[in-house]
Amino acid sequence: MQAVLATSEETDLALLRIKQPCPNSAVLQMVTVPPAEGESVMLVSNPQGSRWKVTRGNVGMLWEFAGISTRLQITAAIRPGSSGGPVVNERGQVIGIAALHANSADDLNFAFPFKA
């Protein structure tokens, strides 16, 4: 059985339930503790429909966006179409979901942090 458990238009995320994964899919584990600042991460994404990309970076600070929620700053590049991709630590555990790139002098990238 497949079902949509929850959606959020504000954050552009959905929580889905599937009975069993597709035959050629991998299941990633999620972390149970927040990542440490400076921890190495990788972002797996499919920007603008291109082939799968893996970009490396590090964890930055946790930012509080007033009226929205917190976002985890990462240095792994997020480009249009990368949002929704998993941000994983060196053990292959999901620490967050790619959310947005702020085109600024600081070239900031943010992920939704995973909370167990």
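- One finds the CG atom of L72 at 9.5 Å from the CD atom of E39 (value rounded to the nearest 0.5 Å).
- What you find for S82 and L43 is that their closest heavy atoms are CB-CD2, 4.3 Å.
- Here the closest heavy-atom approach between residue N109 and residue I78 is recorded as OD1-N, 3.2 Å.
- For T55, the side-chain hydrogen bond (donor to acceptor under 3.5 Å, both in side chains) test picks out no residue, with sequence neighbours left out.
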Side-chain polar contacts of residues 87-98 - donor-acceptor pairs under 3.5 angstrom, sequence neighbours left out - could you list them?
unit_1	atom_1	unit_2	atom_2	d
N89	OD1	R91	N	3.0
N89	OD1	G92	N	3.2
N89	OD1	Q93	N	2.9
N89	ND2	Q93	OE1	2.9
R91	NE	Q93	OE1	3.2

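- Among residue pairs with one or both ends in residues 91-110, those qualifying as ring-ring contact (aromatic ring centres under 6.0 Å, His included) are W63-F110, F65-F110; sequence neighbours excluded.
- Among pairs with a residue in residues 42-63, none fulfils salt bridge (Lys or Arg N to Asp or Glu O under 4.0 Å), at least two apart in sequence or across chains.
- With sequence neighbours left out, V44 forms a side chain to side chain contact (heavy atoms under 4.5 Å, CB included) with W52, V54, P86.
- Shown here are the side chain to side chain contact (heavy atoms under 4.5 Å, CB included) partners of T75, two or more places apart in sequence or in another chain: N58.
- The nearest pair of heavy atoms linking T7 to V4 is CG2-CG1, 3.5 Å.
- Sorted by first and then second residue, the salt bridge (Lys or Arg N to Asp or Glu O under 4.0 Å) pairs involving residues 27-36 (not counting sequence neighbours) form an empty list.
- In this structure, V41 and P35 have side chains that are not in contact, with every pair of non-hydrogen atoms separated by 4.5 Å or more.
- Around atom CD of E64, more than 12 heavy atoms belonging to other residues, nucleotides or ligands sit under 6.0 Å away.
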